[in-house]
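The sequence lines fix the lettering, A, B, ..., with proteins before strands; numbering per chain opens at 1.
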There are 2 protein chains.
Amino acid sequence: MEDVAELAGVSAMTVSRVLNAPEKVRPETRARVLAAVRELDYRPNSAARVLVTGRSGVLGVVCFDTTLYGPASTLFGIEQAARDSDYLVSIASLPALNRTWITRGIDRLRSQSVDGVIVVAPHESAAEGLRNLPPGLPVVDVGGGTDLPVPVAAVDQYAGAARATRHLLSLGHRTVRHLSGPPNWIDASGRVAGWRSVLEAEGREVPELLVGDWTAYSGYEIGKRLAHEPDVTAIFVANDHMAMGVLRALREMGRRVPEDVSVVGFDDVPEAAYFWPPLTTVRQNFGEVGRQAFQLLLDRIAGGEGEARRMVEPELVVRESTGVSR
Amino acid sequence: MEDVAELAGVSAMTVSRVLNAPEKVRPETRARVLAAVRELDYRPNSAARVLVTGRSGVLGVVCFDTTLYGPASTLFGIEQAARDSDYLVSIASLPALNRTWITRGIDRLRSQSVDGVIVVAPHESAAEGLRNLPPGLPVVDVGGGTDLPVPVAAVDQYAGAARATRHLLSLGHRTVRHLSGPPNWIDASGRVAGWRSVLEAEGREVPELLVGDWTAYSGYEIGKRLAHEPDVTAIFVANDHMAMGVLRALREMGRRVPEDVSVVGFDDVPEAAYFWPPLTTVRQNFGEVGRQAFQLLLDRIAGGEGEARRMVEPELVVRESTGVSR
DNA sequence: CCAGCTCATGGTATCGCTAACAGGCTCTCC
DNA sequence: GGAGAGCCTGTTAGCGATACCATGAGCTGG
């Protein structure tokens with residue numbers, strides 16, 4: 001920086017000002033400095049800047065498994081929003097979902113002086129991990145429950161599940177089975193709640209809950225069991241990958257979709273329209289959730305104490321895997 | 001740090017040593033310092049450390065679309081390896097794949113004093129972006145070609161495609177059609193080359209190349225066209241998602257898989273075993289690629305000039321979408 | 001008993017930048 | 001024409017750590 005200052009015939013302070021508050025420098029001086037910056041290919045040292053300002057322009061994301069479609073898409077949304085605002089994103093992935101690791105992840109990021117942290121761990125353990133946060137560190141949660149001490153951006157799982165369930169009932173099905181995600185996942189329990197509430201509101205029997213682990217494999221295994229129950233005519237599956245396994249199991253066992261059984265998924269992965277049959281599902285706009293989370297975080301970093309929750313509405317996408325009850 | 005030093009009755013310098021070179025401090029003193037560290041919940045300020053040492057413990061990843069299965073899995077592998085070595089990962093995603101953006105992504109990371117950069121952009125433009133790198137910055141590429149000026153970790157696409165093609169020929173098919181990924185993607189051209197070379201080596205006709213864009217949609221559209229060509233009995237598709245579209249198109253047009261047409265995919269996404277029919281495909285161990293890339297980068301950071309290329313072998317996974325030619 | 005070594009620790013300078021204040025210049029306006 | 005208000009720009013100090021060298025204690029060996 002000293003060199004740039006010398007080349008431009010000004011002091012280091014002026015160079016600093018050109019970079020941080022250009023309007024405070026006379027245009028002519030500014031031009032000379034910028035020319036010198038280019039000439040020497042000068043780049044400010046962010047470590048030094050962080051040291052004195054305390055702000056780094058980096059935000060941290062704590063996440064679990066970024067190969068899952070939802071978290072990966074959310075992360076991507078966050079990254080895009082961050083790029084547009086000249087933030088950089090550091091990620092701390094967790095080997096397991098529990099309080100200890102979440103706390104450790106946040107610590108790891110904090111030690112790098114991130115300006116804020118977004119936690120993408122839609123699991124009950126996240127709540128514990130967010131209980132006693134280091135004071136002064138802005139934190140936002142993605143997909144968490146309502147009882148968190150931090151702002152939350154999330155898709156309204158309850159509403160999405162309710163829509164899926166109502167759709168099936170409206171086709172004439174007596175009731176709807178639900179294959180849920182693993183217990184303790186916030187998304188999973190939100191979908192269970194939405195499903196159950198619609199059945200209860202409509203006075204339908206609430207059948208036994210089935211529990212998978214998000215994988216197509218678990219959908220397939222549980223689907224085989226379901227295929228043996230002749231009174232099952234409508235299944236709401238908690239994500240598209242499990243739904244894919246269910247579709248295959250039903251087909252193998254000779255039950256036609258949608259003639260014999262209707263199936264609804266959740267997520268609307270890009271491939272859902274190419275399942276056999278094309279899958280009716282609930283679209284979640286993960287990218288939008290990521291962007292909302294980033295906005296919430298920006299607000300907190302700026303000292304805002306405003307909104308604590310931003311819900312993104314899911315959308316039912318009707319394709320060919322659902323049909324009227326026989 | 002001063003406070004810790006005082007509480008432990010030592011100088012700041014000793015505290016620093018306890019944290020960076022514990023063996024140089026008498027065990028007894030070390031214990032006192034560590035106790036003080038815990039008591040005050042002291043955390044070193046990484047910015048200050050970076051300022052003086054020049055090393056940050058952060059590595060950067062430049063990537064394109066982290067919602068794609070391959071890049072997401074690779075990123076995850078890198079992150080896991082990094083965590084195990086106490087590195088943090090910053091990501092810079094690119095709005096478009098070209099020289100300018102890649103350079104800008106690297107610059108963005110460099111301005112944060114990352115210790116090294118891994119570029120996950122298996123596209124020809126990456127090569128240009130890697131031509132004139134800032135000197136002194138260790139860079140490793142993932143999935144790039146052979147002519148890069150930096151070390152590369154990659155899956156051997158050529159070998160994988162060759163295996164897939166030979167598998168189809170061994171089932172008695174006269175020749176094999178190939179639906180490739182978009183031009184200029186390294187993976188895509190590697191697979192094309194492997195496919196073509198086997199056909200030529202076996203003296204088979206090399207049919208016109210078909211080109212998709214990695215999406216199930218493009219697979220579906222091109223699959224519909226292929227379904228009309230009765231002499232097509234074997235298709236090697238450049239990724240599983242496109243293969244899924246092809247499967248659906250063939251089915252819709254009344255062509256049975258594998259009885260009439262055999263289909264092989266590439267990637268082995270977790271769902272491939274639940275396609276209809278279960279997809280024969282080429283498994284790529286993306287996680288391993290990520291880990292190898294990280295190892296290469298660590299080596300470069302440490303000043304190594306060793307190996308420039310680490311190939312990960314893909315594996316043919318035979319399922320039910322391929323069968324003997326009629 | 002002391003030169004000469006090792007080992008543990010401390011003092012000081014410095015990394016590159018910006019906050020806070022200081023000062024000089026121009027301009028306005030009575 | 002001079003006080004006062006702006007506007008630019010410069011000077012100084014310090015952010016929190018580590019590199020480097022100095023220092024003193026304890027030990028070895030002739």
Side-chain angles (χ1 to χ4, degrees), chain A residues 1-37 40-58 86 88 107-115 134 136-137, chain B residues 1-37 40-58 86 88 107 109-115 134 136-137 301:
Chain A
M1 190 162 108
E2 207 69 30
D3 300 344
V4 173
E6 191 170 351
L7 180 58
V10 298
S11 76
M13 195 57 234
T14 300
V15 176
S16 170
R17 264 189 284 257
V18 167
L19 269 38
N20 295 299
E23 76 284 357
K24 294 192 165 180
V25 174
R26 197 161 15 126
E28 169 192 340
T29 315
R30 193 192 311 159
R32 272 210 325 282
V33 171
L34 288 175
V37 164
L40 298 177
D41 191 30
Y42 163 77
R43 298 145 186 290
N45 177 317
S46 73
R49 183 180 290 180
V50 173
L51 189 56
V52 57
T53 62
R55 315 191 56 248
S56 62
V58 177
D86 275 320
L88 210 58
D107 273 356
R108 215 146 61 89
L109 291 168
R110 188 159 64 119
S111 77
Q112 291 292 332
S113 313
V114 296
D115 292 342
L137 180 71
Chain B
M1 189 162 108
E2 207 71 30
D3 300 343
V4 173
E6 190 170 353
L7 180 58
V10 298
S11 76
M13 197 53 238
T14 299
V15 176
S16 171
R17 263 189 284 259
V18 168
L19 268 39
N20 297 297
E23 77 284 357
K24 294 191 165 180
V25 174
R26 200 165 8 133
E28 169 192 339
T29 315
R30 191 191 313 158
R32 272 211 325 280
V33 170
L34 288 176
V37 164
L40 300 178
D41 190 29
Y42 162 78
R43 297 146 188 290
N45 177 317
S46 74
R49 182 179 291 181
V50 173
L51 189 56
V52 57
T53 61
R55 314 191 57 247
S56 61
V58 178
D86 274 320
L88 210 58
D107 273 356
L109 291 168
R110 188 161 63 121
S111 77
Q112 292 291 333
S113 313
V114 296
D115 291 342
L137 180 71
I301 290 174

Bending between helix ends of the helix from C:dC1-D:dG30 to C:dC30-D:dG1 [5 pairs per end, 10° resolution]: 40°

Interatomic distance, A:Glu6 CD vs D:dT9 C1' [rounded to whole Å]: 17 Å

Gap between atoms CD and C1', on A:Glu28 and D:dT9 respectively (whole Å): 13 Å

B:Ser56 side chain to B:Ser113 backbone, donor-acceptor under 3.5 Å: yes

Heavy-atom protein contacts under 4.0 Å, nucleotides 7-18 of chain C, coded B base, S sugar-phosphate only, - none: -SBBB---BBSB

Donor-acceptor pairs under 3.5 Å, side chain of residues 43-53 of chain A to any protein atom, not counting sequence neighbours: which ones?
{"unit_1": "A:Arg43", "atom_1": "NH2", "unit_2": "A:Asp41", "atom_2": "OD1", "d": "3.3"}
{"unit_1": "A:Arg43", "atom_1": "NH2", "unit_2": "B:Asp107", "atom_2": "OD2", "d": "3.4"}
{"unit_1": "A:Asn45", "atom_1": "OD1", "unit_2": "A:Ala47", "atom_2": "N", "d": "2.7"}
{"unit_1": "A:Asn45", "atom_1": "OD1", "unit_2": "A:Ala48", "atom_2": "N", "d": "3.0"}
{"unit_1": "A:Ser46", "atom_1": "OG", "unit_2": "B:Ser111", "atom_2": "O", "d": "2.9"}
{"unit_1": "A:Thr53", "atom_1": "OG1", "unit_2": "A:Arg49", "atom_2": "O", "d": "2.8"}
{"unit_1": "A:Thr53", "atom_1": "OG1", "unit_2": "A:Arg55", "atom_2": "N", "d": "3.1"}
{"unit_1": "A:Thr53", "atom_1": "OG1", "unit_2": "A:Arg55", "atom_2": "O", "d": "3.3"}

Qualifying residues under salt bridge (charged side-chain N to carboxylate O under 4.0 Å, His left out), relative to A:Glu2, sequence neighbours excluded: none

Please list every donor-acceptor pair under 3.5 Å in which a side-chain atom of residues 3-22 of chain A meets a protein atom from a residue at least two apart or in another chain.
{"unit_1": "A:Ser11", "atom_1": "OG", "unit_2": "A:Met13", "atom_2": "N", "d": "3.3"}
{"unit_1": "A:Ser11", "atom_1": "OG", "unit_2": "A:Thr14", "atom_2": "N", "d": "3.4"}
{"unit_1": "A:Ser16", "atom_1": "OG", "unit_2": "A:Asn20", "atom_2": "ND2", "d": "3.4"}
{"unit_1": "A:Asn20", "atom_1": "ND2", "unit_2": "A:Ser16", "atom_2": "O", "d": "2.9"}

Worked verdict on A:Gln112 versus A:Val58 for side-chain contact (heavy atoms from CB on, under 4.5 Å): CA-CA 9 Å; A:Gln112 291 292 332; A:Val58 177; over 6 Å; no

